[in-house]
Amino acid sequence: MDLTLVAESPYRFRLEQQDPMRVPGVVFATRELLPQAAGDKSLEQVANVATLPGVVRASFAMPDVHWGYGFPIGGVAATDIDAGGVVSPGGVGFDISCGVRLLAADLDTGRLAPRMRQLMDTLGHTVPRGTGRGGLWHLTGPGQMAELLAGGAVYAVGRGHGVPRDLDRCEDGGRLPGADPSGVGPRAVERGLGQVGSLGAGNHFLEVQAVDRVYDEETAAAFGLRAGQVCVMIHTGSRGLGHQVCTDHVRAMDQALRTYRISLPDRQLACAPVDSPPGRAYLGAMAAAANYGRANRQLLGQAARRAFASAVGADLELVYDVSHNTAKLETHEVDGAPVRLCVHRKGATRALPPGDPELPEDLAAAGQPVLVPGSMGTASYVLVGTVGNDAFRSACHGAGRVWSRHQALRQVRGEELRGELEARGIAVRPSSWRGLAEEAPRAYKDVDAVAAATEGAGLARLVVRLRPLGVVKG
DNA sequence: ATGTCC
């Protein structure tokens, strides 16, 4: 396919529809942010996604788009369920329900400073992280796992890990409906039993941050945020359990392609109709894995609360918890009529506008917080959903990688990077030197530019900028 | 992302 991009506005580029695409591609970015890394095939992937059966409107890419498995990371695509639309595990990603939780402390940076070292040491010693390894909550067995997979953060709070108010500030109230724990295989269950309440590795982290800049005072206040305030941002997902669920169902769907006579430009887009046995099986297992991810972040939020209580004597209120790797059944207006859709967001955050009935009462007038973590040592952002977002109410999810992990390892030494960050006043508690080097800020796009482009494209509005004070690295 | 290969 000829991948010519046509600028429709300074923040919106169009990939013209051509055979076998069923819809055009739309990339939200500035010219500077468009994928240009050697070997980045993400624009080709945007076009590939546009060939999926039942896809409607367009195959979208957010400003942080980069190459991924099948779908690009930063990709959004919706399929019409009643017109044979498909669901694809590659459109969710291996880390099912990977997402971000932001908590705000009743504390400003000045009062934290003398206790910062103690706080970071406490977090460093109590937050489980790294590949494999254990978590904060060891489940007793498959029976308890089934309850957690069905209940997500609701189950965790019911067992004393948090307060009911937390659930008001979680996407879907902390529990994605439609979970089918029986679709999560024994191997996935085995991997997950000891990992509830763990960060994992890669780009996952727990960061202590400060509200650095406020763009919209009224919305910030509705979110419980003010200038100079200390916050905690947690970025993690469904660990080995979600990975295993994706692996198992990609295999099943690859075999289902023949049954449903689906031809694809890339086998990594393996999929099945939403309304089919393999489609329903994946969505049930995916929702269960999503609930694992939500319980995981709930447990880590509690670990942060304990550390703040003991080291600083401060409380943490949940601002919001939202996933950026999901496939959700939603109704949107397409060509003037409501249509039942399966919306894939892979490295893309749902962004509900003010007035949406899914919002909790105290956020109804403001809109949904959109949590955008930056790369290590750089800023993070809170944005808010806006009216008129035609990417099925979706926004960016982070900075977006430009160097491969391998490439980063050739350019950066972890020990040196830690020194650079500490010299800039950012405390670092690493898990491995290698992992630290792979996550060097140089390996990512400029998150300030990504956030600005997201606002420029009308996907969401800036609310606050957060700067890092200390990072507990996965 | 991931017991970075069953």
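Naming convention: chains lettered A, B, ... in sequence-line order (proteins, then strands); numbering from 1 in each chain. Quick caveat, the model's predicted, so the values are computed rather than measured.
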Are the charged groups of A/Glu438 and A/Arg434 less than 4.0 angstrom apart, N to O?
-> yes
Would you say a side-chain N or O of A/Arg239 is under 4.0 Å from OP1 or OP2 of B/dT2?
->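 Yes, A/Arg239 has a side-chain N/O under 4.0 Å of OP1/OP2 on B/dT2.
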Nearest heavy-atom pair of A/Lys445 and A/Leu33: which atoms, and what distance?
-> NZ-O, 3.1 Å
Within residues 47-68 of chain A or reaching into it, pairs that qualify as side chain to side chain donor-acceptor pair (under 3.5 Å) - sequence neighbours excluded =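 The answer is A/Asp64-A/His397.
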Could you name each residue pair satisfying side chain to side chain donor-acceptor pair (under 3.5 Å) that touches residues 241-254 of chain A, not counting sequence neighbours?
->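 Only A/Arg191-A/Gln244, A/Gln244-A/Asp248, A/Asp254-A/Arg267 qualify under side chain to side chain donor-acceptor pair (under 3.5 Å).
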How is [X] classified with respect to the nucleic acid when contacts are heavy atoms under 4.0 Å: base, sugar-phosphate, or nothing?
{"X": "A/Gly200", "result": "sugar-phosphate"}
{"X": "A/Gln195", "result": "sugar-phosphate"}
{"X": "A/Arg434", "result": "nothing"}
{"X": "A/Gly93", "result": "nothing"}

Between [N] ([atom2]) and [X] ([atom1]): distance, integer Å:
{"X": "A/Tyr292", "N": "B/dT2", "atom1": "OH", "atom2": "P", "value": "11 Å"}
{"X": "A/Glu438", "N": "B/dT4", "atom1": "CD", "atom2": "P", "value": "13 Å"}
{"X": "A/Arg251", "N": "B/dT2", "atom1": "CZ", "atom2": "C1'", "value": "14 Å"}
{"X": "A/His406", "N": "B/dT2", "atom1": "NE2", "atom2": "P", "value": "21 Å"}
{"X": "A/Arg187", "N": "B/dC6", "atom1": "CZ", "atom2": "P", "value": "6 Å"}
{"X": "A/Ile96", "N": "B/dT2", "atom1": "CD1", "atom2": "P", "value": "12 Å"}
{"X": "A/Arg133", "N": "B/dT4", "atom1": "CZ", "atom2": "P", "value": "13 Å"}
{"X": "A/Asp248", "N": "B/dC6", "atom1": "CG", "atom2": "C1'", "value": "13 Å"}

About how many Å separate CG of A/Asp446 and OG1 of A/Thr378, when rounded to the nearest 0.5 Å?
->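 A/Thr378 OG1 to A/Asp446 CG: 8.0 Å, rounded to 0.5 Å.
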Nearest-nucleotide wise, let me know which of A/His204 and A/Thr131 is further upstream toward the 5' end of DNA chain B.
->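 First, find each residue's nearest nucleotide; the 5'-ward one identifies A/His204.
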